[in-house]
Amino acid sequence: MEALAHDDVIALQRPRVGDAERLVAGRDDEWRRWLGPESDAPNPTACIIVGGSLVGWVDYDTDRTWLQQGEVNVGYSVFAAHRGRGYATRAVLLLLDHLARTTEHHTATLLINADNVQSLGVAAKLSCLEYEPMGASRYFKMPIERLHP
Ligand SMILES: CC(C)(COP(=O)(O)OP(=O)(O)OC[C@H]1O[C@@H](n2cnc3c(N)ncnc32)[C@H](O)[C@@H]1OP(=O)(O)O)[C@@H](O)C(=O)NCCC(=O)NCCS
């Protein structure tokens with residue numbers, strides 16, 4: 001199956017048969033702390049693939065009450081053994097590239113708990129603009145743009 005998008009290191013690929021179980025198996029305490037509880041049959045926009053192996057996922061939705069027209073909410077997770085290698089940052093950029101090519105959405109938003117240091121690092125690496133916090137979470141936006149025109 002063709003990748004949705006890829007760079008030199010990772011590829012984004014639609015979930016395949018068996019991936020939902022792999023994604024559930026990859027959950028850890030960090031995942032539970034920041035994302036749980038979630039579905040037992042996850043079906044994210046894309047799985048993050050490195051060297052043929054599934055190492056995480058990236059997703060977006062448009063149904064949060066606070067989103068404005070053209071905005072999407074982005075989420076991501078990388079399995080513990082694969083963190084700290086830039087995969088989440090790359091995955092968000094590739095997702096936004098894919099959205100820029102295939103949708104009319106123009107702005108990605110990230111809602112991140114103020115104590116989630118790793119995820120805040122992703123927002124910083126992506127040079128997101130910070131907006132007013134929502135409760136215990138910090139709120140960021142970035143434009144949905146193609147990586148290469
Ligand atoms: C958040 C998460 C997806 C980050 O994945 P990742 O692939 O490790 O992220 P990256 O490697 O792209 O990190 C980007 C930046 O974040 C920061 N960062 C990442 N891990 C960090 C850590 N353990 N401590 C401090 N900063 C960290 C760094 O600034 C890093 O930039 P650098 O590569 O120049 O050092 C991962 O930790 C995770 O799956 N957490 C559980 C699920 C979750 O919290 N999802 C997000 C909910 S909003």
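Whatever order the structure lists them in is the order used to number ligands and atoms, beginning at 1.
- Considering only non-hydrogen protein atoms, atom 48 (S) of ligand 1 sits nearest to Ser119 OG, 3.4 Å.
- The shortest side-chain heavy-atom distance between Arg27 and Pro42 falls under the 4.5 Å cut-off.
- Using a 4.0 Å cut-off between a side-chain N of Lys or Arg and a carboxylate O of Asp or Glu, Arg90 and Asp8 do not qualify as a salt bridge.
- If you take CD1 on Ile112 and SG on Cys128, they are separated by 7.0 Å, rounding to the nearest 0.5 Å.
- Below 30°, between 30° and 60°, or above 60°: for Tyr87 and His82 the angle between ring planes is between 30° and 60°, a tilted geometry.
- Per-atom contact check: atom 35 (O) of ligand 1 does not touch the protein, criterion being a heavy-atom distance below 4.0 Å.
- Nearest protein heavy-atom contact of atom 39 (O) of ligand 1 is Val78 N, 2.8 Å.
- Nearest protein heavy-atom contact of atom 21 (C) of ligand 1 is Gln118 CG, 3.5 Å.
- Remark: among candidates Trp31, Tyr87, Tyr76, the nearest residue to atom 43 (C) of ligand 1 is Tyr76, based on non-hydrogen atoms.
- For atom 5 (O) of ligand 1, the closest non-hydrogen atom of the protein is Ala88 CB, 3.2 Å.
- Counting heavy atoms under 4.0 Å from ligand 1, residue Leu120 does not touch it at all.
- Short contacts between ligand 1 and Arg85, defined as distances under 4.0 Å to a heavy atom of the residue, involve ligand atoms 11 (O).
- For the residue pair Thr45 and Asp59, a side-chain donor N or O sits within less than 3.5 Å of a side-chain acceptor on the partner.
- In the vicinity of Trp34, heavy-atom distances shorter than 4.0 Å reach the ligand 1 atoms 44 (O).
- Here Arg83 has heavy atoms under 4.0 Å from ligand 1 in both its backbone and its side chain.
- Considering only non-hydrogen protein atoms, atom 33 (O) of ligand 1 sits nearest to Lys125 NZ, 3.2 Å.
- Between Tyr76 and Ser119, the side chains place a donor N or O and an acceptor N or O closer than 3.5 Å (distance only, hydrogens not considered).
- At a 4.0 Å cut-off, at least one heavy atom of Gly86 sits close enough to ligand 1 to count as contact.
- Side-chain N or O atoms of Arg14 include none that pairs as donor or acceptor with a backbone N or O of Leu4 at under 3.5 Å.
- Among the atoms of Glu30, none of the N or O lies under 3.5 angstrom from an N or O of ligand 1.
- Using a 4.0 Å heavy-atom cutoff, Gly84 is listed among the residues neighbouring ligand 1.
- Between Leu54 and Arg22, the shortest heavy-atom distance links the atoms CD2-CB, 3.5 Å.
- Nearest protein neighbour of atom 44 (O) of ligand 1, counting heavy atoms only, is Asn116 ND2, 2.9 Å.
- The single protein non-hydrogen atom nearest to atom 12 (O) of ligand 1 is Thr89 OG1, 2.6 Å, given as residue, atom name and distance.
- A salt bridge links Asp29 to Arg32: at least one charged side-chain nitrogen sits closer than 4.0 Å to a carboxylate oxygen.
- The single protein non-hydrogen atom nearest to atom 29 (O) of ligand 1 is Gly121 CA, 4.0 Å, given as residue, atom name and distance.
- The nearest pair of heavy atoms linking Arg101 to His148 is NH2-O, 3.1 Å.
- Near Leu35, with a cut-off below 4.0 Å to any heavy atom, the atoms of ligand 1 are 42 (C), 43 (C), 45 (N), 47 (C).
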